[in-house]
Amino acid sequence: MVTAYEFRHLSEEEKYERFMERIERGEKIEAHDWMPDDYRTNLIKLIAMHGISEIMGAFPEKEWVPKAPTLHRKLAIMAKVQDEVGHGQLLLRVAEDLMKPLGKDREDIMQDLFEKRLKFHNVFHMPAPTWADAAIIAWLVDGAAILTQTMLLKTSYGPYGRALKRICQEESFHAKHGESLVLALASGSDYQRKMLQEALNRWWEPLLMFFGPRSAKEVGHSKVDVNIKYKIRSKTNEELRQEFLTKYVPQIKRLGLTIPDETLRFDEDKQQWIYKDPDWEKFKQIINGNGPKTDSRLKLRRDSYEKTAWVREALAKYNKNRMLVG
Amino acid sequence: MTDNKILRELIYQLADDNFIHSYRGSEWLGLVPHIEEDVAYSSITQDTMGHAYMFYKLLEEMGEGNSDELAHARKPKDFRNAILLEEKNGTGTYLDNPDYDWAFTVVRNLFYNVYKETQLESLKQSSYEPLSITARKIETEQYYHLMHWKTWFMQLMQSTEEARTRMENAIRRVWKDFGGVISQGRYADEFSARKYIEPEEVLGQRCLDKLGELCKSVDFNLEGKPGMEKGNGRNGEHTEDLKQALETLSEVYFSDAEASSW
């Protein structure tokens with residue numbers, strides 16, 4: 001072990017070596033530890049994207065919060081969306097600590113979002129035109145998110161792992177809520193079943209896209225390899241997508257729903273799911289900010305942010321005054 | 001009127017106030033000044049919907065019908081909420097070009113919650129035991145809600161000139177219809193005669209005293225009596241805003257006549 005004093009006098013290469021030794025030993029890296037620049041930038045990118053996805057994820061469901069068809073459903077979806085915003089806040093705090101040495105803060109995150117420099121998950125660019133979409137989102141989008149987040153629980157970055165621990169606990173309630181919504185529709189009237197099937201048709205491709213491309217080949221670049229090297233993540237996109245299919249294909253079929261992919265089958269020899277690839281060009285377009293609902297949702301967020309600027313100014317002034325008095 | 005009918009009138013006021021107030025809160029989701037507030041306000045909104053649920057359940061237990069039907073299927077004229085609580089947050093809708101007024105929201109939330117606190121304190125002594133039990137349950141959450149809106153109110157009233165002006169305008173606006181919140185409607189005397197709740201004048205004055213003090217602490221004088229310019233919701237008078245709110249709240253509920261459950 002080297003002391004903090006000795007560590008400061010090591011060369012950059014030696015620091016990097018020590019860092020990689022820690023990663024290999026499975027140690028957790030903390031916010032104030034030395035870390036290579038690309039570890040920091042990759043984490044910021046991943047965690048800010050994750051956080052802002054939770055925040056933007058409130059919009060497709062927002063529409064259905066007041067419209068939920070019973071008092072119980074209203075309460076449940078309110079609780080769910082409130083959790084998501086809470087996750088977003090928790091994750092953004094983790095990202096903000098990482099950004100501090102770079103002189104950046106929440107305001108930069110918001111501006112990056114508005115200018116489409118900060119991306120968010122493909123699924124939250126999509127329309128959710130019926131109550132059944134809210135059901136599919138809660139069941140399958142949250143179900144997909146649980147798989148990625150569970151994988152990330154073991155991440156080498158301590159603060160992210162701890163935030164995820166809490167998030168995963170709450171997400172499992174969301175999936176139950178989603179399951180309950182879907183079950184009610186699947187065992188309901190013709191209208192309800194039709195609505196559910198149509199929502200599944202709409203969400204199938206975005207769900208496959210959710211895990212990201214198989215390799216850099218599909219979209220031209222990927223951070224997966226670097227993230228695996230640093231043990232930020234432990235599984236590839238394809239491994240997660242296969243897990244998703246294994247978990248949900250039988251459940252979807254049991255509900256009497258049809259998966260909109262005639263080529264979908266499990267290959268016993270290869271021990272893997274064969275499926276129709278989503279349109280990766282479309283995926284690229286969507287996450288670059290050209291999805292069907294990207295602009296209208298960003299507009300909602302941006303307009304309201306601008307209209308409440310006077311409130312943030314007032315709070316800053318109030319806190320400044322209080323510090324002067326105190 | 002029978003005792004039962006009188007009692008139901010009071011509980012509809014409580015249920016509908018909370019239901020509509022929660023709805024207006026839920027429209028703010030994703031649009032509030034910062035993310036921390038989104039977490040806090042959506043939690044308050046959810047609690048408030050929970051309070052509405054408890055009151056609708058009381059009505060259901062009294063034989064008024066299924067609580068979901070009570071919340072979603074009554075006509076606007078059957079609602080007993082105060083008109084101030086049904087007023088829109090601003091122009092536009094919660095999905096399309098919302099231009100919402102945060103100052104109005106803070107003041108409306110604070111004023112209503114000060115009344116709600118006063119109301120709950122009184123209901124704890126209600127001669128109708130289920131009502132007093134419900135009031136006790138709600139009170140624990142109510143404490144935090146009130147603290148939240150007091151904090152916003154105090155901070156915005158003592159910050160920038162712009163915030164002060166906006167807040168004072170909001171107070172004047174809320175004041176014009178706050179009388180409708182305090183009102184217990186045409187059966188007020190019967191409520192207090194049966195000791196369901198204290199008399200309108202007593203509760204009203206207690207609430208106005210609290211508000212007067214709060215405003216005075218930030219150098220603002222509440223002048224005169226609060227008004228009821230748009231009518232008395234307790235007697236079934238309502239605005240177009242309630243009609244639109246109910247259409248949204250029950251859109252899915254009414255979307256399929258065949259559906260037996262959701």
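Every chain is numbered from 1 and lettered A, B, ... according to where its sequence line falls, protein lines coming before strand lines. Side-chain atoms are counted along with the backbone in the values below, which use heavy atoms only and exclude waters and symmetry mates.
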Structural part of [X] lying under 4.5 Å from a heavy atom of chain A:
X: B/Arg166; value: side chain
X: B/Tyr41; value: neither
X: B/Glu251; value: side chain
X: B/Ala259; value: both
X: B/Glu69; value: neither
X: B/Leu31; value: both

Minimum side-chain heavy-atom gap [X]-[Y] below 4.5 Å:
X: B/Gln155; Y: A/Lys317; value: no
X: B/Leu29; Y: A/Phe59; value: no
X: A/Thr308; Y: B/Val32; value: no

| message | Quick one, A/Arg106 with B/Glu36, criterion salt bridge (Lys or Arg N to Asp or Glu O under 4.0 Å). Give me CA distance, side-chain angles, the key distance, then yes/no. | response | CA-CA 12 Å; A/Arg106 173 81 58 89; B/Glu36 281 71 11; 2.8 Å; yes

For [X] against [Y], the heavy-atom pair lying closest together:
X: B/Leu156; Y: A/Ala314; result: CD2-CB, 3.7 Å
X: B/Ser159; Y: A/Tyr318; result: CB-CB, 4.2 Å
X: A/Ser189; Y: B/Glu258; result: CB-CB, 3.8 Å

| message | Please identify, among A/Pro66, A/Gly86, A/Ala135, A/Ala309, the residue contributing the most non-hydrogen atom pairs under 4.5 Å to chain B. | response |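 Heavy-atom pair counts peak at A/Pro66.
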
Which region of [X], side chain (C-beta onward) or backbone (N, CA, C, O), has a non-hydrogen atom less than 4.5 Å from a non-hydrogen atom of chain B, or is it both or neither?
X: A/Lys307; result: side chain
X: A/Arg297; result: neither
X: A/Leu300; result: both
X: A/Met110; result: side chain
X: A/Ala68; result: backbone

Who among [options] has the most heavy-atom pairs with chain A under 4.5 Å?
options: B/Ala40, B/Ser260, B/Gly92, B/Pro98; answer: B/Pro98
options: B/Ala52, B/Gly50, B/Ser42, B/Ser67; answer: B/Ser42
options: B/Phe19, B/Trp152, B/Tyr94, B/Tyr53; answer: B/Tyr94
options: B/Phe254, B/Tyr253, B/Trp262, B/Tyr23; answer: B/Trp262

| said: Please check this pair: side chain of A/Arg312 against backbone of B/Pro33, looking for a donor-acceptor N/O pair closer than 3.5 Å. | reply: yes

| query | Within the distance-only criterion (no hydrogens, no angle test), does the side chain of A/Gln192 pair as donor or acceptor with the backbone N or O of B/Ser261 below 3.5 angstrom? | reply |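 Side chain of A/Gln192 to backbone of B/Ser261: a pair is present.
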
I'd like to know whether [atom1] of [X] has more than 12 heavy-atom contacts from other residues, nucleotides or ligands below 6.0 angstrom.
X: A/Arg117; atom1: CZ; answer: yes
X: A/Lys116; atom1: NZ; answer: yes
X: A/Glu107; atom1: CD; answer: yes

| Set of side chain to side chain donor-acceptor pair (under 3.5 Å) partners for A/Trp203, sequence neighbours left out |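 Residues passing side chain to side chain donor-acceptor pair (under 3.5 Å) with A/Trp203: A/Asp133.
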
| request: Report, by ascending residue number, the residues of residues 178-187 of chain A in heavy-atom contact with chain B at a distance under 4.5 Å; give 'none' if the set is empty. | output: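 Counting heavy atoms that sit under 4.5 Å from chain B, the residues of residues 178-187 of chain A involved are A/Ala184, A/Leu185.
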
| field | chain B-proximal positions within residues 69-83 of chain A [heavy-atom distance under 4.5 Å] | value | A/Pro69, A/Thr70, A/Leu71, A/His72, A/Arg73, A/Lys74, A/Leu75, A/Met78, A/Ala79, A/Val81, A/Gln82

| After noting the C-alpha distance and the side-chain angles of B/His34 and A/Leu315, does the key distance pass the side chain to side chain contact (heavy atoms under 4.5 Å, CB included) rule? | CA-CA 11 Å; B/His34 53 69; A/Leu315 292 180; 3.7 Å; yes

| query | So which pairs with a foot in residues 97-106 of chain B pass side chain to side chain donor-acceptor pair (under 3.5 Å), sequence neighbours left out? | reply | A/Lys299-B/Asn97, B/Trp28-B/Thr105

| message | For the CG atom of B/Asp256 and the CH2 atom of A/Trp131, what is their distance to the nearest 0.5 Å? | response | 14.0 Å

